[in-house]
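Scroll down for the structure; my scribbles are underneath it.
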Amino acid sequence: VGGGGLLSGVCEGLKRVGWGSVPVYACQSERCNLLDRAMASGRTPTPTHIYSADGHDLGTRAVAQAALDCSAELDVRSLLVSD
């Protein structure tokens, strides 16, 4: 998911073609689950850290408000996967 830009674009495309009821799975790793936390709380949380497995950031510092909005509007399901 990262910051949610791709998710927001997919949701916008689904709405434009009338497929707003199609479920969208937003996959995130268990340690980089900022969108999952945002969806659970209804607001964008501030991350306490950015997990880095090999010195490169795997997460994001913020979730786009548009991603949170579309997750509330459409059938977006958070799917956490192991690191």
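Just so you know, these numbers come straight off a predicted model, no measurement behind them.
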Starting at CG of Leu34, measure out to CD of Gln28 and round the result to the nearest 0.5 Å. 8.0 Å
Please name all residues satisfying side-chain hydrogen bond (donor to acceptor under 3.5 Å, both in side chains) with Asp36, sequence neighbours left out, ordered by chain then number. Ser78
Mind running side-chain contact (heavy atoms from CB on, under 4.5 Å) on Asp75 and Val22 for me, showing each step along the way? CA-CA 7 Å; Asp75 186 10; Val22 173; over 6 Å; no
Distance from Leu74 atom CG to Asp69 atom CG, nearest 0.5 Å? 10.5 Å
Specify the closest pair of heavy atoms between Leu35 and Ala26, including all atoms of both residues, with the distance to one decimal. CD2-CB, 3.9 Å
Is there a chain of hydrophobic side chains (I, L, V, M, F, W, Y, each step under 4.5 Å between heavy atoms) that links Leu6 to Leu80? no
Could you give the side-chain donor-acceptor pairs of residues 11-19 under 3.5 Å, partners two or more places apart or in another chain?
| residue | atom | partner | partner atom | Å |
| --- | --- | --- | --- | --- |
| Glu12 | OE2 | Arg16 | NE | 3.1 |
| Lys15 | NZ | Glu73 | OE1 | 3.4 |

Donor-acceptor check, side chain of Ser8 to backbone of Ala67, threshold 3.5 angstrom: yes or no? yes
For Val76 and Cys70, which heavy atoms make the closest approach, and how far apart are they? CG2-O, 3.8 Å
